[in-house]
Amino acid sequence: MVNQISRLDIHDQQIDQLQQVVNEIKASLKLLNEERSESREFRKVILAWMKSQEKNSVDSSGQELQSDLIHDPLIPVVDGKHVTIHPPEQFTTIQHSEGISDLIGGVKVEDTEHPNCGDSKTAPHFSFSIGLEPLTDDGPKVYSRKKNRVTTAKVGQLGKRPAIALNGVSNQSNKRNQLVGRPFEGLTYGRRGGSRGGGQGRGCGTEKPRLLDDEEGGVLFYSASPSSSSTYGYASLEKQRQRLPVFKYRTSILYLVETHSTTIIVGETGSGKTTQIPQYLKEAGWADGGHIIACTQPRRLAVQSVAARVSEEMGVKLGEEVGYTIRFEDVTNSDLTRIKFLTDGVLLREMMDDPLLSKYSVIMVDEAHERSLSTDILLGLLKKIQRRRPELRLIIASATIEAKSMAAFFQTRRRRPRLEGEDHGLRTEPAILSVEGRGYNVQIFYVEEPVSDYLRATVSTVMSIHDKEPMGDILVFLTGQDDIDTAVQLITEEAQNSGKSSLGMIVLPLYSGLTRADQDLVFSPSPRGKRKVVISTNIAETSLTLEGIVYVVDSGFSKQRFYNPITDIENLVVAPISKASARQRAGRAGRIRPGKCYRLYTEDYFVNEMPSHGIPEMQRSNLASSVIQLKALGIDNILGFDWPASPSSESMVRALEVLYSLGVLDDDAKLTSPVGFQVAELPLDPMISKMIIASDQLGCSEEIITVSAILSVQSIWISVKGQRELDEAKLRFAAAEGDHVTFLNVYKGFLQSNKSSKWCHKNFINYHAMKKVIEVREQLRRIAQRLGLTLKSCENDMQVLRKAVTAGFFANACRLEPYSHNGMYKTVRSSQEVYIHPSSVLFRVNPKWVIYNSLVSTDRQYMRNVISIDPSWLREAAPHFYQQQPLNPNRP
DNA sequence: TTGTGGTGT
């Protein structure tokens with residue numbers, strides 16, 4: 001394909017003209033005191049003007065192909081200066097010499113060849129010991145780093161990107177800031193060359209905006225362009241807004257959204273895209289005529305904080321013009337709200353009432369690179385909606401998305417006459433725009449040899465940072481609670497043993513199982529002269545942001561959930577992270593000032609073996625919930641659904657199978673009535689939903705709804721180090737029937753204590769989890785009533801409760817192996833060996849027949865949340881499922 | 001006799 005590049009040239013004079021026109025319109029419309037039409041007119045003018053410029057440019061200019069700007073959606077263009085930056089995997093680099101002498105600290109420095117340096121595009125290495133006393137016999141950890149390299153891309157060199165190696169070690173270590181201020185260094189993360197962020201609003205109006213097409217014809221790229229700043233009265237906030245990198249692209253973004261069905265915006269952290277773009281859209285009139293601009297986030301906390309920020313910037317009350325919706329919390333006003341932030345899950349639920357999302361004019365899907373289950377489903381559905389609603393605009397925003405594959409996904413081949421409204425040049429091919437971020441340089445260090453024990457490597461690295469590096473907090477990424485607790489202990493001990501230099505350290509664990517109070521410790525600022533060391537799971541990678549982190553230690557691993565559709569088992573396994581994750585982790589070090597990231601894996605591994613992106617959640621999850629959601633939206637051909645990442649056919653088939661066995665789908669794989677539709681309405685795993693529906697007839701819906709609420713929160717128990725105390729606490733609530741009944745006892749106790757947090761603490765129960773249980777329970781009761789179920793308590797008749805559980809979970813029935821001395825069970829469905837999880841109250845009780853809620857696989861398959869049943873209930877509840885396997889009366 | 005990365009409706 002020909003790399004055809006066209007360019008839109010806009011002269012300063014014309015920009016001023018436009019600004020004048022806009023100001024005139026604004027002024028005249030202000031007289032009319034009609035804000036809505038002002039913005040609508042503004043939008044029209046921008047559009048008309050842009051179109052005329054595009055035409056002129058193509059007609060008059062023969063220079064299109066002389067552009068020296070290479071289009072690559074992954075790579076930000078810096079300040080319109082046409083310099084391309086290599087993606088870090090080609091270019092793992094350290095940009096400036098800061099701190100190197102500190103690190104070397106008199107320890108030997110030697111020139112070595114990197115094992116993978118054979119080819120000429122890789123610069124030679126040097127390595128050095130960071131001079132620490134190892135905890136083990138492993139010897140000191142040796143880190144290596146590459147020399148600085150800066151590249152510029154030139155015309156005709158798309159394939160070849162020359163690397164310019166800078167001077168060697170001695171030069172680097174001499175002048176600390178030698179490179180700071182040079183343009184376009186600092187390539188890996190953030191604030192490139194320190195020349196960023198100076199574009200004080202209109203001050204950047206000297207650059208010319210450019211428009212480029214790439215070979216795919218229609219993937220557009222803008223570099224910096226001047227922006228027409230609006231004249232609002234909120235001076236300081238307005239200034240802050242204008243300082244954000246995204247501000248320079250305001251006009252470009254509005255133009256792209258105007259002219260393209262889908263716009264993909266690649267922006268690093270700190271670019272301001274999430275808070276600014278919805279405001280730009282509003283200012284440009286996209287919320288006129290009662291329409292709403294939506295912006296989705298994967299996490300509740302992000303929704304709340306972004307909405308609060310935007311309402312502050314706009315000087316409006318949260319919940320009026322700017323609002324947000326998350327589960328249990330709708331802070332919007334249907335008459336007033338024009339910009340609405342919401343979780344992607346909420347938007348999916350909204351589709352069940354309004355499948356075309358007709359009240360939204362623009363939907364911005366943020367953090368799309370995370371590829372969460374609901375983001376992917378949402379993207380698939382939005383693509384479908386676009387075909388019915390060509391006027392709907394989508395913005396896909398993400399940090400490190402594979403923009404081209406996303407663009408390919410949204411590339412529609414429409415072969416029908418254009419509808420009205422498309423005649424103003426609306427393009428169905430997605431546009432891509434990159435916006436640079438605003439962070440600081442992060443130096444990356446790799447171990448020279450693979451480490452065999454990342455826990456010990458972690459400890460020695462932390463100790464050496466503490467010894468050799470200037471003040472600044474350390475964030476360590478490990479995999480789970482177990483590792484983290486061990487590391488905290490080891491580092492604390494090591495600090496005590498190593499004398500005065502290590503006194504000023506506060507070591508804190510961070511994972512979701514901690515109580516809120518323990519989590520909050522991590523957010524308190526470190527006392528004067530003390531260094532905070534936070535040992536965290538992935539929770540600090542995206543969900544929580546810690547201020548004050550200067551050093552990151554990355555183990556290269558995280559726990560990830562994988563689903564095996566053949567065995568129907570979800571596993572939680574320690575797995576290597578992706579490059580995208582590694583970059584995200586490193587970026588956590590550059591938030592307040594230049595930072596350093598120590599990777600406990602080799603550079604060779606990072607470059608050659610680490611996958612560039614993680615596996616989308618869609619491809620490693622049980623899809624039963626997702627399938628029923630799509631069915632409820634009327635998508636019959638699930639197997640043919642156009643996903644951003646197709647799940648395996650096995651997991652699709654498995655999901656359909658489960659739903660069929662639950663009586664949710666009929667022989668034609670259509671939702672049954674009423675059960676199928678009822679199950680789809682409930683925001684739960686289909687098996688739990690089925691259990692609730694069955695409880696209606698059995699007369700125990702109140703209890704079952706309570707159990708369902710508890711099953712759908714992570715864990716109601718506090719994780720504590722001394723496990724014995726927790727086990728003892730559990731015994732206070734333990735019921736012979738099993739965990740579900742035990743949960744009911746806990747819930748009753750919680751109510752009797754008047755929902756007291758003190759009571760929770762005393763009984764090793766997670767107070768926040770219980771509060772969530774109450775909320776979920778209320779929601780489920782409301783939905784159940786809407787579905788026409790009767791809310792009824794079975795009082796103390798636990799047999800009907802167990803029957804209701806059986807009605808939902810009959811497929812998970814297990815039988816104790818006769819003569820088994822170690823509590824081995826086999827599943828009825830597939831004769832798999834399983835054991836009762838030690839956290840269950842039925843552990844070591846081993847009733848003959850049990851049903852489990854879920855399987856967890858470690859060295860054995862463990863059943864979690866187990867209840868004992870009578871096998872005859874299985875055939876009662878699911879004759880279709882068990883009729884082919886009559887129970888053998890000869891076996892005990 | 002053993003263990004719960006993180007989200008979300």
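Computed from a predicted model, the values in this text were never measured in an experiment. Numbered from 1 within each chain, the chains take letters A, B, ... in sequence-line order.
Counting atom types as modelled, A/Arg349 pairs a side-chain N or O with a base atom of B/dT9 as donor and acceptor under 3.5 Å.
Of the listed nucleotides (B/dT4, B/dG6, B/dG5), B/dG6 has the atom at the smallest distance from the side chain of A/Ser543. Among the nucleotides B/dG6, B/dG3, B/dT4, the one closest to any side-chain atom of A/Ser715 is B/dT4. The side chain of A/Arg620 approaches B/dG5 more closely than any other nucleotide in the set B/dG5, B/dT9, B/dG6. Of the candidates B/dT9, B/dT7, B/dT1, the closest approach to any side-chain atom of A/Arg844 belongs to B/dT1. Out of B/dT2, B/dT7, B/dT9, the shortest distance to the side chain of A/Glu617 is found at B/dT7. For A/His837, taking side-chain heavy atoms from C-beta onward, the closest of the listed nucleotides B/dG3, B/dG5, B/dT7 is B/dG3.
Between A/Asp739 and A/Arg864 no salt bridge is recorded (no basic side-chain N to carboxylate O distance below 4.0 Å). Look at A/Arg299 and A/Glu370 and you find a salt bridge, because one of the NZ, NE, NH1 or NH2 atoms lies within 4.0 Å of a carboxylate O, short of that distance.
In this model, the phosphate group of B/dG6 is approached by a side-chain N or O of A/Ser512 to a distance below 4.0 Å at OP1 or OP2. OP1 or OP2 of B/dT9 lies within a sub-4.0 Å distance of a side-chain N or O belonging to A/Thr343.
Spacing between atom CD of A/Gln481 and atom P of B/dT2 amounts to 18 Å, rounded to whole angstrom units. Nucleotide B/dG6 holds its C1' atom 9 Å from the CD atom of A/Glu541, rounded to whole Å. Note: CZ (A/Arg561) to P (B/dT4) measures 13 Å, nearest angstrom. Remark: P of B/dT1 and CZ of A/Arg864 are 21 Å apart, rounded to the nearest angstrom. Following rounding to the nearest Å, A/Arg860 (CZ) and B/dG3 (C1') show an atom-to-atom distance of 13 Å.
For the side chain to side chain contact (heavy atoms under 4.5 Å, CB included) test, residues two or more places apart in sequence or in another chain that qualify with A/Asp376 are A/Arg371, A/Leu379, A/Pro616, A/Met618, A/Pro644, A/Ala645. Residues satisfying the side-chain hydrogen bond (donor to acceptor under 3.5 Å, both in side chains) test with A/Arg844, not counting sequence neighbours, are none. Partners of A/Arg732 by salt bridge (charged side-chain N to carboxylate O under 4.0 Å, His left out), not counting sequence neighbours: none found. Residues passing the salt bridge (charged side-chain N to carboxylate O under 4.0 Å, His left out) test with A/Arg327: none are found, sequence neighbours excluded. Contacts of A/Leu791 classified as side chain to side chain contact (heavy atoms under 4.5 Å, CB included), with partners at least two apart in sequence or in another chain: A/Ser701, A/Glu702, A/Ile705, A/Arg781, A/Ala784, A/Gln785.
No contact: A/Ser372 has no heavy atom under 4.0 Å from any strand.
Within residues 298-308 of chain A, the residues having any heavy atom closer than 4.0 Å to DNA chain B are, in order of number, A/Pro298, A/Arg299, A/Arg300.
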